[in-house]
Protein chains: 2
Amino acid sequence: MRVSQRTEYGIRAMIALARDFDDVVSIKELAEREAIPEPFLEQIMADLRRAGLLKSTRGPYGGYRLKSAPDEITVGRVMEILEGTLSPARCASGCARQRGCSTRSVLDRIERSITETLDDIYLKDLIGDTVDE
Amino acid sequence: MRVSQRTEYGIRAMIALARDFDDVVSIKELAEREAIPEPFLEQIMADLRRAGLLKSTRGPYGGYRLKSAPDEITVGRVMEILEGTLSPARCASGCARQRGCSTRSVLDRIERSITETLDDIYLKDLIGDTVDE
DNA sequence: CTTATCCTTACTATTTTAGTCAGGTTTAAA
DNA sequence: TTTAAACCTGACTAAAATAGTAAGGATAAG
Ligand code: FES
Ligand code: FES
């Protein structure tokens, strides 16, 4: 049940952008600062942009910035995008046997508690911390 | 962040044994009933036994049974054994940068809420459900 | 003694994750 | 208007984790 490296990188990048909310930061810069492989980060940022969390500017002096303020973006949303879902279940949410499936009822409870926890943590709450890796 | 097949099988097997608390059930029987590959289940059961959740009897008419009553075993304990840990963090709990690591603080919060949730669910609470796969 | 069962270790195959690469598109600035 | 710095995309490869298999030994009932 570990979180993927991809997600971890994404969270770190988002926190870094939250700290630098007024600036546009390039992937190159961000990758260096956070010690993340540049082309890998590029993919991650593209996903976060497509999901509507970032806006990008192309060309020289271009880069990324948060689309909303750090106190409007939850870690839950970031993780949901990067992990695909926050549910630990192995079968789709519309599974026919869902009703009455013991394992599923347990996994659904886990999902609810994760969601509740993460929807309460905003990027803003994390920018005070000193290390991000 | 999905749970492994191994863990899912393990939970199902434990629930099945909870239903049949008075009997000794062989792996063969259990594997058939729950549609789990027999030699794979064998490994899983051995882990649960080594961790102290099951007791086994060898030889003909042998098999497994729960070591404690279904109202004394939590799903949290079962999952902890099968997953190794309930923490989604990628680095060990003694990581040097743990203090002040933003990502870690988020992952630790997730772990706490998962643990709280799962330590409240006993096998007993699940034996009423009709389907287990 | 034979057979059913657990027990252990080692192996293989499959799937997922992590990361790379190549080449295209946009845009600021010289 | 050319150049270069950035984003953008999709396909590819490598590594790691997971799922599952195989082989053979140990124990105990009948
Ligand atoms: S098998 Fe799909 S919900 Fe349990
Ligand atoms: S790097 Fe180990 S706790 Fe964050």
Side-chain angles (χ1 to χ4, degrees), chain A residues 1-13 17 23-67 79 81-85 88-91 133, chain B residues 1-13 17 23-67 79 81-85 88-91 133:
Chain A
M1 284 247 311
R2 277 191 329 168
V3 81
S4 68
Q5 186 66 268
R6 183 186 156 69
T7 296
E8 218 180 280
Y9 286 158
I11 293 174
R12 272 165 50 192
L17 289 179
D23 299 331
V24 168
V25 184
S26 74
I27 284 178
K28 191 180 174 199
E29 165 80 16
L30 203 50
E32 259 166 35
R33 286 218 299 246
E34 296 291 329
I36 298 170
E38 198 178 318
F40 194 19
L41 181 58
E42 200 163 16
Q43 287 186 6
I44 297 167
M45 299 297 276
D47 280 349
L48 290 168
R49 177 186 54 75
R50 286 187 209 107
L53 258 53
L54 298 175
K55 46 186 179 188
S56 61
T57 326
R58 306 228 276 205
Y61 299 92
Y64 283 93
R65 46 181 308 183
L66 299 186
K67 203 162 174 182
M79 285 191 62
I81 291 163
L82 295 171
E83 291 280 324
T85 168
R90 302 180 61 81
C91 59
E133 33 171 354
Chain B
M1 284 246 312
R2 277 192 328 168
V3 80
S4 68
Q5 187 66 268
R6 182 186 157 71
T7 296
E8 219 179 280
Y9 286 158
I11 294 174
R12 273 165 51 194
L17 289 180
D23 299 331
V24 168
V25 184
S26 74
I27 284 179
K28 192 180 176 202
E29 164 79 16
L30 203 50
E32 258 166 34
R33 285 218 301 248
E34 295 292 328
I36 299 170
E38 198 178 318
F40 194 17
L41 180 59
E42 199 162 16
Q43 288 186 6
I44 298 167
M45 299 297 277
D47 281 349
L48 290 167
R49 177 186 55 75
R50 285 186 209 109
L53 258 54
L54 298 175
K55 45 185 180 192
S56 61
T57 327
R58 309 227 274 207
Y61 300 92
Y64 284 93
R65 45 181 308 180
L66 299 187
K67 202 160 175 182
M79 286 191 59
I81 290 163
L82 295 171
E83 292 281 323
T85 169
R90 302 180 61 80
C91 57
E133 34 171 353

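Note that the structure is predicted; figures quoted are calculated from it, not measured. The analysis underlying the following values was restricted to heavy atoms, covering all of them including side chains, and did not include hydrogens, waters or symmetry mates. Throughout, a chain's letter reflects where its sequence line sits, starting with A, and its residues are numbered from 1.
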Would you tabulate the pairs of protein nitrogen or oxygen atoms and nucleotide nitrogen or oxygen atoms of nucleotides 13-17 of chain C closer than 3.5 angstrom?
none

Identify the heavy atoms of E83(B) and M1(A) that sit nearest to each other, and give their distance.
-> OE1-N, 2.9 Å
Where is the tightest heavy-atom contact between G10(B) and L48(B), given as atom of each residue plus distance?
-> O-CD1, 4.4 Å
The nucleotide from dA10(C), dT8(C), dC7(D) with an atom nearest the side chain of Q43(B) is dA10(C)
Measure the shortest side-chain to side-chain distance between D47(B) and R50(B) over non-hydrogen atoms and say whether it is less than 4.5 angstrom.
-> yes
Atom-to-atom span, CG of L54(A) to C1' of dC8(D) - whole angstrom = 14 Å
Are any of the side-chain heavy atoms of R12(B) and Y9(B) separated by less than 4.5 Å?
-> yes
Could you pick out which residue, Y9(A) or T57(A), lies toward the 5' side of DNA chain C when each is mapped onto its nearest nucleotide?
-> Y9(A)
Selection: residues 23-33 of chain B, any non-hydrogen atom under 4.0 Å of DNA chain D | none
Can you find a heavy atom in the side chain of M45(B) that is under 4.5 Å from one in the side chain of L17(B)?
-> yes
For dC7(D), does OP1 or OP2 lie under 4.0 Å from any side-chain N or O of Y61(A)?
-> no
For S56(B) and R49(B) the tightest heavy-atom approach is OG-CD, 3.3 Å
Distance col, row K55(A):NZ vs K67(A):NZ, nearest 0.5 angstrom, shows 8.0 Å
Taking side chain as C-beta onward, heavy atoms only, is R65(B) less than 4.5 Å from V24(B)?
-> yes
Between G62(A) and S26(A) the two heavy atoms that sit nearest each other are O-CB, 3.9 Å
Would you mind classifying the nucleic acid contact of F40(B) as base, sugar-phosphate or nothing, using non-hydrogen atoms under 4.0 angstrom?
-> base
Provide a list of protein-nucleic acid N or O atom pairs under 3.5 angstrom, restricted to nucleotides 24-26 of chain C.
unit_1, atom_1, unit_2, atom_2, d
dT26(C), O4', R58(A), NE, 3.2
dT26(C), O4', R58(A), NH2, 3.1

Which atoms form the tightest heavy-atom contact between L41(A) and I27(A), and what is the distance?
-> CD2-O, 4.0 Å
Kindly indicate whether the side chain of K28(B), heavy atoms from C-beta on, has any atom under 4.5 Å from the side chain of E32(B).
-> yes
Calculate the interatomic distance between I44(A) atom CD1 and dC8(D) atom P; express it in whole Å.
-> 15 Å
Can you check the E8(B) CD to dA19(D) C1' distance for me, whole Å?
-> 13 Å
Between atom CD1 in I36(B) and atom C1' in dT21(D), what is the gap in whole Å?
-> 16 Å
Distance check: side-chain N/O of R49(A) vs OP1/OP2 of dC8(D), anything under 4.0 Å?
-> yes
Take the protein atom CZ of R50(A) and the nucleotide atom P of dC8(D), then report the distance between them rounded to whole Å.
-> 8 Å
If only side-chain N and O atoms of S56(B) are considered, is one of them under 4.0 Å from the OP1 or OP2 phosphate oxygen of dC7(C)?
-> yes
So which heavy atom on V3(A) is nearest to which on E8(A), and how close?
-> CG1-OE1, 4.1 Å
Donor-acceptor pair under 3.5 Å, E42(B) side chain vs dC6(C) base | no
Using atom CD of E38(A) as one end and atom C1' of dC21(C) as the other, report the distance to the nearest whole Å.
-> 13 Å
Whole angstrom is fine here: how far is it from CG in L41(A) over to C1' in dA6(D)?
-> 13 Å
